[in-house]
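Heads up: the structure comes next, in structure tokens.
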Amino acid sequence: MFTKAIVRTPALSMINGLTSADLGKPDFDLALKQHAAYIRALESCGLEVTCLEANPEFPDSTFVEDVALLTKKCAIITNPGAPSRRGEIEGMQSVLQEHYENVEEIQSPGTLEAGDVMMVGEHFYIGLSARTNQLGADQLIACLQKYGHTGSVVELQEVLHLKTGVAYLEHNNLLACGEFLTHPDFLNFNILPIKQSESYAANCIWVNDRILVPHGYPQTLQTITAAGYEVLEVDVSEFRKLDGGLSCLSLRF
Ligand code: CIR
């Protein structure tokens, strides 16, 4: 069970965030409304949400998931692979020390963004992406092992981050799209397949046995509902324009 979450209010500079999606610039006012509704959805799942101040210096800083990995036993501040995102980690030490005795850090030349990290119980799958390199993954695995967790790397071909294409919904259920439908690392999971036409919806989040699903993906909604979950639809269209999904917008612990 999760009891808490950390989010960061989007800054107006988000309209200049990194993106490969050809969906135009986000509407900032709508993004703020969507962000507030996202917080309410987390709260409705029982989480106490800490909302960090907007940080206009870093357009992508609302995607707070990428700057830290929170486990039951430790917090690890990452070292984002995107140069424009490196500075987002400033200030995270003091934020995380309020919740964790053990706060570790990934160091250069290792890079890691936690959108590449998927927690499955005590094990953590780490995608090797344009943002996360082998050195970063090795450091993370060493950190995790100190606290009794394990980690392994996953090769990616098509997606920005590992969790762009795969989401663990507990109970051995794995939402998967594209390359992850038949990925050798995930063969032992019960795969809930996502169609390519709804690939954005592969990034859902499990919160205390409810699933937050992005608004506008009916087949995904049907698949998850049919698997027995209660779902909450959340509209994050403005964050999609920056390649950001539901998981990217919070740290849940
Ligand atoms: C970026 O490219 O870094 C942001 N525009 C989107 C980050 C999305 N984060 C995630 O998938 N964990």
Side-chain angles (χ1 to χ4, degrees), residues 1-2 5 7 19-24 26-27 30-31 33-47 49 63 65 115-121 123 125 127 154 156-252:
M1 296 286 279
F2 294 131
V7 302
T19 185
S20 61
D22 196 12
L23 298 169
D27 172 331
L30 182 54
K33 285 186 189 132
Q34 291 181 346
H35 196 258
Y38 176 83
I39 293 172
R40 286 196 297 276
L42 293 176
E43 287 173 341
S44 77
C45 296
L47 303 193
V49 180
F63 300 114
E65 170 180 69
D116 277 316
V117 185
M118 180 173 74
M119 177 173 76
V120 177
H123 187 77
Y125 290 93
V154 179
L156 310 182
Q157 310 294 337
E158 297 162 9
V159 289
L160 171 63
H161 288 121
L162 174 64
K163 285 184 294 188
T164 309
V166 75
Y168 186 56
L169 305 187
E170 304 294 325
H171 314 290
N172 204 43
N173 289 327
L174 190 74
L175 211 56
C177 189
E179 63 187 298
F180 300 110
L181 291 167
T182 54
H183 198 291
D185 289 359
F186 300 135
L187 293 179
N188 289 332
F189 290 100
N190 176 39
I191 299 285
L192 303 179
I194 300 299
K195 286 198 169 17
Q196 200 56 43
S197 58
E198 295 201 358
S199 60
Y200 177 72
N203 183 269
C204 287
I205 48 177
W206 177 97
V207 187
N208 300 343
D209 253 1
R210 293 194 196 165
I211 311 296
L212 270 55
V213 181
H215 173 70
Y217 300 90
Q219 291 179 349
T220 303
L221 202 63
Q222 161 65 20
T223 299
I224 298 174
T225 307
Y229 292 100
E230 186 181 335
V231 298
L232 279 177
E233 269 192 291
V234 185
D235 194 350
V236 281
S237 63
E238 302 317 292
F239 300 95
R240 181 182 176 208
K241 293 175 181 171
L242 299 177
D243 300 332
L246 284 169
S247 75
C248 323
L249 289 170
S250 62
L251 292 162
R252 302 158 299 282

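- Looking at Glu179, its side chain does come within 3.5 Å of a backbone N or O of Gln157 through a donor-acceptor pair.
- Taking every heavy atom of both residues into account, Ala31 and Phe239 meet most closely at O-CZ, 3.4 Å.
- Between the NZ atom in Lys195 and the OG1 atom in Thr220 there is a gap of 9.0 Å [rounded to 0.5 Å].
- Classification of the Phe180-His183 ring pair by plane angle, with boundaries at 30° and 60°, yields parallel.
- Atoms CD and NE2, from Glu238 and His35 in turn, are 13.5 Å apart once rounded to the nearest 0.5 Å.
- Relative orientation of the Tyr200 and Tyr217 rings is tilted, given thresholds of 30° and 60° on the angle between their planes.
- The main-chain N or O of Ser247 is found under 3.5 Å from a side-chain atom of Arg252 such that the two form a donor-acceptor pair.
- You'll find the side chain of Val7 reaches within 4.5 Å of the side chain of Leu42, heavy atoms only.
- When atom types are taken as modelled, the side chain of Lys163 and the backbone of Val117 share a donor-acceptor pair closer than 3.5 angstrom.
- Summarising the geometry of Ala202 relative to Ala167, their closest heavy-atom pair is O-CB, 3.3 Å, with the distance given to 0.1 Å.
- Within the 4.5 Å cutoff, the side chain of Phe63 has heavy atoms near those of the Leu249 side chain.
- Taking all atoms of both residues into account, the shortest heavy-atom contact from Gly127 to Leu162 is N-CD2, 3.9 Å.
- No side-chain donor-acceptor contact under 3.5 Å links Asp235 to the backbone of Gln34.
- Closest approach of Leu246 and Val213 over heavy atoms only: CD1-C, 3.5 Å.
- For the pair Pro26/Leu242, a side-chain contact is recorded, criterion being any heavy-atom separation below 4.5 Å from C-beta on.
- Tyr125 is not listed as a side-chain neighbour of Val166, based on a closest heavy-atom distance of 4.5 Å or more.
- A salt bridge between Glu43 and Arg40 is absent, with no side-chain N of the basic residue lying under 4.0 Å from a carboxylate O of the acidic one.
- In this structure, Ile39 and Val49 approach most closely via the heavy-atom pair CG2-CG1, 4.0 Å.
- With contacts defined as side-chain heavy-atom distances shorter than 4.5 Å, the pair His161/Glu65 does not qualify.
- Within the 4.5 Å cutoff, side-chain heavy atoms of Leu47 are placed close to those of Asn208.
- Inter-residue side-chain proximity for Arg210 and Ser44 is flagged as met; some heavy-atom pair is nearer than 4.5 Å.
- In this structure, Val207 and Cys45 approach most closely via the heavy-atom pair CG1-CB, 3.5 Å.
- A donor-acceptor pair under 3.5 Å is formed between the side chain of Asn172 and the backbone N or O of Asn188.
- Going from atom CD1 of Ile194 over to atom CD1 of Ile224 covers 5.5 Å, rounded to the nearest 0.5 Å.
- When the options Tyr168, Tyr229, Trp206 are evaluated for a side-chain hydrogen bond (donor to acceptor under 3.5 Å, both in side chains) with Asn173, the one that passes is Tyr229.
- For Asn190, the CG atom is densely surrounded, since the number of other residues' heavy atoms within 6.0 Å is greater than 12.
- Shown here are the side chain to side chain contact (heavy atoms under 4.5 Å, CB included) partners of Ala41, two or more places apart in sequence or in another chain: Leu212, Leu232, Val234.
- Between Pro218 and Glu198, some side-chain heavy-atom pair lies under the 4.5 Å cut-off.
- One distance of note links CG of Asp243 with SG of Cys248; it measures 9.0 Å at 0.5 Å rounding.
- Annotation: the span from Ile211 atom CD1 to Leu175 atom CG amounts to 8.5 Å, rounded to 0.5 Å.
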